Amino acid sequence: GATSNTAQGGAIYNAGAINVSGGSTVFSNNSANNAANDIYFANNSTMNLTGNSTVELGSGVQSANQNATISVEGGSNLIQANTNSGGFSGVINIASNGLLTYKGDTVNSALMNSFSNADINLSQNSGLGFDSDNNFTLDVDDIISSHDTITPNGTLNIYKFGNGEMTLAG
């Protein structure tokens with residue numbers, strides 16, 4: 001993995017657009033300023049996954065602010081693995097058979113930390129996936145004084161991979 005001694009961008013500093021179409025990309029063991037980080041999103045930057053592509057973020061992502069956007073569509077899958085930086089506060093759009101998957105033994109931690117400040121929009125038969133052999137709970141209102149909602153536009157697909165049990169609460 002790549003290591004940066006600056007505060008931003010372990011493997012990639014994105015100040016524009018990253019477009020991925022087809023294939024599989026895995027980021028792992030990347031860090032910036034001694035914290036796990038694969039991609040840093042500057043103001044108004046984007047990442048677009050299309051064409052059945054898969055991107056696995058082993059070290060998480062961070063953003064400068066809410067003006068960063070990740071779009072996953074066309075059968076593509078964005079995978080957030082165990083280790084994460086927890087600093088992405090932009091918008092994640094999952095559409096047209098796209099999938100956002102949380103993977104690993106500590107799925108609850110990855111779910112709460114990796115995109116906890118992001119707005120996640122699901123539409124057009126998109127879905128959330130959970131890949132873990134451990135039991136876990138998806139609690140939409142898991143943060144004190146917070147009233148989180150999942151509002152799908154169309155069908156909300158929730159997929160469970162692995163041997164553990166899944167509980168939906170909220």
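This is a predicted model, so every value here is computed, not measured.
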Below 4.5 Å, heavy atoms only, C-beta onward: do F27 and I39 meet side chain to side chain? yes
Could you tell me the separation between the [atom1] atom of [X] and the [atom2] atom of [Y], rounded to the nearest 0.5 Å?
{"X": "N33", "Y": "Q62", "atom1": "CG", "atom2": "CD", "answer": "9.0 Å"}
{"X": "N48", "Y": "S53", "atom1": "CG", "atom2": "OG", "answer": "9.5 Å"}
{"X": "I12", "Y": "Y40", "atom1": "CD1", "atom2": "OH", "answer": "14.5 Å"}

State yes or no: do V91 and L49 share one hydrophobic cluster built from I, L, V, M, F, W and Y residues joined by side-chain heavy-atom distances below 4.5 Å, directly or via other members? no
ILVMFWY cluster, F88 and V55 together (side-chain gap under 4.5 Å): yes
Q: Return yes if some donor-acceptor pair links the side-chain N/O of T54 with the main-chain N/O of S24 below 3.5 Å, else return no.
A: no
Backbone N/O of G16 and side chain of S45: donor-acceptor pair under 3.5 Å | no
Would you say the side-chain atoms of T69 and T46 include a donor-acceptor pair closer than 3.5 Å? no
query: Side-chain donor-acceptor pair under 3.5 Å between N77 and T101, yes or no?
result: yes
Minimum-distance pair of heavy atoms, taken over all atoms of [X] and [Y]:
{"X": "N29", "Y": "S59", "value": "N-OG, 3.2 Å"}
{"X": "S21", "Y": "G51", "value": "OG-CA, 4.1 Å"}
{"X": "G10", "Y": "N30", "value": "C-CB, 4.3 Å"}
{"X": "D38", "Y": "G58", "value": "OD2-N, 3.1 Å"}
{"X": "A68", "Y": "F41", "value": "CB-CB, 3.6 Å"}
{"X": "A15", "Y": "A42", "value": "CA-CB, 3.9 Å"}

Candidate pair L100 and V72, rule side chain to side chain contact (heavy atoms under 4.5 Å, CB included), full reasoning: CA-CA 8 Å; L100 175 60; V72 182; over 6 Å; no
Sequence neighbours excluded, the answer for salt bridge (Lys or Arg N to Asp or Glu O under 4.0 Å) partners of E73 is none
